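What follows is one structure encoded as structure tokens, with my remarks underneath.
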Amino acid sequence: MDDNVSVNVVPLLWVDNIENSLQFYNRLGFRVVETWRPNGCLTWCSIKLADAELMLQQRDDSESDKDQVRSHDEVELYFVCNDVDSLYRFFSTQGLQASTPKQAFYPMKQVFLRDPDGRTICFETPVET
């Protein structure tokens with residue numbers, strides 16, 4: 001691959017209720033970049049937090065969409081942040097149930113929470129060993 005070529009990977013997350021998921025990610029600080037509303041109904045949106053981008057798409061349980069990933073727990077999102085302790089306090093003020101920050105087995109301090117579809121989201125901060 002050419003060293004001058006950059007690849008921008010935006011995770012696509014299938015959601016059961018896009019309005020609930022969008023509200024959840026807004027509380028984390030993500031902001032909508034683009035939406036698609038055929039027939040006036042929100043079916044997908046691209047959201048961004050600093051350098052992190054996600055795309056949410058409403059799950060369609062029709063016959064044509066049987067190949068969509070069904071197991072939400074298989075997807076885990078990891079974000080590096082400046083201070084998980086401050087982030088934990090912020091989550092608490094937003095009414096989000098996050099784990100107490102703890103040291104990982106590698107030199108990172110982590111805080112976890114789950115999105116409305118049950119996916120694990122991990123925020124971590126490097127720590128000195």
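None of the values given here were measured: they were computed from a predicted structure.
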Exercise. For D83, which residues count as a salt bridge (charged side-chain N to carboxylate O under 4.0 Å, His left out) partner, sequence neighbours excluded?
Worked result: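 Once residues adjacent in sequence are excluded, D83 has no partner under the salt bridge (charged side-chain N to carboxylate O under 4.0 Å, His left out) criterion.
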
For this session: Please check if any side-chain donor atom of S92 sits under 3.5 Å from a side-chain acceptor atom of R89, or the reverse.
Result: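 No, because no side-chain N or O of S92 sits under 3.5 Å from a partner of the opposite role on R89.
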
Does any N or O in the side chain of [X] come within less than 3.5 Å of the main-chain N or O of [Y], such that one atom is a donor and the other an acceptor?
{"X": "N17", "Y": "E19", "result": "yes"}
{"X": "Q58", "Y": "I18", "result": "yes"}
{"X": "T125", "Y": "V84", "result": "yes"}
{"X": "D117", "Y": "D16", "result": "yes"}

Problem set entry | side-chain hydrogen bond (donor to acceptor under 3.5 Å, both in side chains) involving R27 - partner list, sequence neighbours excluded |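 With sequence neighbours excluded, R27 shows a side-chain hydrogen bond (donor to acceptor under 3.5 Å, both in side chains) to no residue whatsoever.
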
Exercise. Who else is in the cluster with M108 when I, L, V, M, F, W and Y are joined by side-chain contacts under 4.5 Å?
Worked result: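 So far as hydrophobic clustering goes, M108 is joined with Y78, V80, F105, Y106.
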
Exercise. Under 4.5 Å between any side-chain heavy atoms of I47 and L22, yes or no?
Worked result: yes

For this session: Using the salt bridge (Lys or Arg N to Asp or Glu O under 4.0 Å) rule, collect all pairs that involve residues 95-113, keeping only residues at least two apart or in two chains.
Result: D85-K109

Exercise. So which pairs with a foot in residues 30-39 pass salt bridge (Lys or Arg N to Asp or Glu O under 4.0 Å), sequence neighbours left out?
Worked result: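 Residue pairs passing salt bridge (Lys or Arg N to Asp or Glu O under 4.0 Å), neighbours aside: none found.
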
Problem set entry | Qualifying residues under ring-ring contact (aromatic ring centres under 6.0 Å, His included), relative to F123, sequence neighbours excluded |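 ring-ring contact (aromatic ring centres under 6.0 Å, His included) check on F123 returns F79, F91.
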
